[in-house]
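For reference, the structure is listed below as structure tokens.
Indexing begins at 1, ligand by ligand and atom by atom, following the structure's order. Note: hydrogens, waters and symmetry copies are ignored here, and every other heavy atom, side chains too, is used.
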Amino acid sequence: MKLHEYQSKELLTRYGVAVPKGEVADNPADALRIAESLGGKVVVKAQVLMGGRGKAGGVKLFDNAQEASTFTGELIGKRLVSIQNPAGMVVEKVLVGELIDIAEEYYLSVLTDRAAGKNVIMISKEGGMEIEEVAEEHPDAIVRLHVDPAWGVADFEIREAVAAAKIPAPAQRQMVGMIKSLVKAYEESDADLIEINPCAWTPDGKLIAADAKVSIDENALYRHRGYDDTKDDSAEDPIEAEASRRGIAYVRLGGEIGIIGNGAGLVMCSLDEVNAAGGKPANFCDVGGGASAERVTQCVELILMDENVKGLLINIFGGITRGDLVAQGILAAFDAIDIKIPVVVRLDGTAAEEGLELLKGSDKLVGAATMQEAAQKIVQLAY
Ligand code: GDP
Ligand code: MN
């Protein structure tokens, strides 16, 4: 789970990483107060979980508090769009930070190198721009250093790596210290990414994390309370955000056929069958095991929130999930929602016959005996 920049900076501060002073604001009045307390020279930064905020117009430097406050007013509620995130994200908070003088911008990160089975530290003198660009244009400008899971990493190895990255001598000692802090923070907070870009070198000789990105391994979140507020707005798509609030696995794909299935495998097969039948999946929901009528209704609602959906395929194989309960859910959804698009249902497995019997009563539904038949029927009816 990605943390916001301000949360990332708070976390890193606890490990002794130098960051610019600053506070979050969600309105111009607070931004004014914070900017004044910082002496008026500030940077206002949109707190959205996407890269390239600078280019997207979400980062701006000011030399007086009033303008910083006005910009905050313009930014809050605005949708920022970047190359990395074409759907964009709405700004809810900004970070008002002291403006630091930057002489040079470096890049530092710690992440997991799955191929090596080790964490890896990445260091580059070419910070500021996206690291993918650096990797493409000057691959030699990135130095990688693995952290042994048993022994960790020795100070001399870090010193050598920093020197190999051609970081100027005066900055080297501070960078070694910062890297040690990042590695410790990475391990102790179960992070799967820590990235400092830019890692700023100031004219008066200080190394400061001007930007910070921390992502925590979601499977370890139970060990790290207090980041819950990030979760909801971390979904980039409003429908995905709503699904996440309801605790339902939903993915948007962009075609026209909505798909509801139980279990990831069956959902994937359904996507393939719809493609094979000449259709394009719009989105899918996994109702999960033991799906209740209520849950099915919720899934149907989510699927139909996407206005591009022209047909709905429901593919259920009853195991723990009982076919008759799913059928009740589908009927309840039809009662609750005015469904104007064709719906094809394939029901098999536990209590499928009872389920199909229940569905016979509805004239809006088309039954199908197999997944292939269901996919072909929905494509015929929808397009
Ligand atoms: P990102 O575009 O989402 O990665 O946002 P960043 O926080 O990295 O900001 C983008 C750029 O704004 C940085 O590369 C810096 O050049 C500039 N910037 C950000 N904060 C400061 C600051 O305090 N002082 C100065 N001079 N530039 C800053
Ligand atoms: Mn950055």
Any atoms of ligand 1 less than 4.0 Å from a non-hydrogen atom of [X]? List them with their elements.
X    : result
E98  : 23 (O)
E105 : 13 (C), 14 (O), 15 (C), 16 (O)
P198 : 8 (O), 13 (C), 14 (O)
V43  : 20 (N), 23 (O)
G54  : 1 (P), 2 (O), 3 (O)

Handout entry: ligand 1 N/O within reach of K55 N/O, cut-off under 3.5 Å
Key = no
Problem - With sequence neighbours excluded, residues passing salt bridge (Lys or Arg N to Asp or Glu O under 4.0 Å) with E357 - result: K360
Exercise for the section: Quick one: name the protein N/O/S atoms under 2.8 Å from the Mn ion (ligand 2), chain by chain. Expected result: N197 O, D211 OD2
Handout entry: Heavy-atom protein neighbour under 4.0 angstrom from atom 15 (C) of ligand 1
Key = yes
Problem - Residue portion contacting ligand 1 (non-hydrogen atoms closer than 4.0 Å) for D101 - result: neither
Practice task
Nearest 0.5 Å please: distance from the CD1 atom of I179 over to the CD atom of E157.
Solution key: 12.0 Å
Completion exercise
CD of E98 to CD of E23, rounded to nearest 0.5 Å, is 12.0 Å
Problem - With sequence neighbours excluded, residues passing side chain to side chain contact (heavy atoms under 4.5 Å, CB included) with L381 - result: P342, V344, V366
Problem - By side chain to side chain contact (heavy atoms under 4.5 Å, CB included) - contacts of S69 (at least two apart) - result: P28, L32, Q66
Practice task
Salt-bridge test for R14 and E10: reply yes if a basic N is under 4.0 Å from a carboxylate O, no otherwise.
Solution key: no
